[in-house]
Amino acid sequence: MENIFAAILFAILTAAGTLGVSSLGMFIFHRDPDNAEAQQEARVEYAFFGIAGLVITLLMWYAL
């Protein structure tokens, strides 16, 4: 019970890292051959959430 704060930080680190890496994967592999504009918008969103997830992961790693 004394390390509950570290456990919560680790849970946030793991969740943010997983979401960040999977969002970057979707950024790389997402294709929409019917609508190029929608594909570009989705890829920008995936890139933003991927980078944000990795930044949060690094901050939680530093906090541990």
Let's go through Tyr62 and Leu59 carefully: what are the C-alpha distance in whole Å and the side-chain angles of both, what is the deciding distance for side chain to side chain contact (heavy atoms under 4.5 Å, CB included) to 0.1 Å, and is it a yes or a no? CA-CA 5 Å; Tyr62 181 73; Leu59 285 173; 5.6 Å; no
What side-chain donor-acceptor pairs closer than 3.5 Å can you find for residues 12-24, not counting sequence neighbours?
from  : atom 1 : to    : atom 2 : distance (Å)
Thr14 : OG1    : Phe10 : O      : 2.9
Thr18 : OG1    : Thr14 : O      : 2.8
Ser22 : OG     : Thr18 : O      : 3.0
Ser22 : OG     : Leu19 : O      : 3.1
Ser23 : OG     : Leu19 : O      : 2.9

At what distance, to the nearest 0.5 angstrom, does OH of Tyr46 lie from CD of Gln39?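 Output value for this atom pair is 10.5 Å.
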Among Ile, Leu, Val, Met, Phe, Trp and Tyr joined by side-chain contacts under 4.5 Å, find the other residues sharing a cluster with Phe49 and list them by chain and number.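 Answer for Phe49: Phe48.
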Other hydrophobic cluster members with Val44, side-chain heavy atoms of Ile/Leu/Val/Met/Phe/Trp/Tyr under 4.5 Å, chained?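 Under the 4.5 Å side-chain rule, Val44 groups with nothing.
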Tell me which donor-acceptor pairs under 3.5 Å the side chains of residues 26-33 have, and how far apart each pair is, sequence neighbours excluded?
from  : atom 1 : to    : atom 2 : distance (Å)
Arg31 : NH1    : Ile28 : O      : 3.3

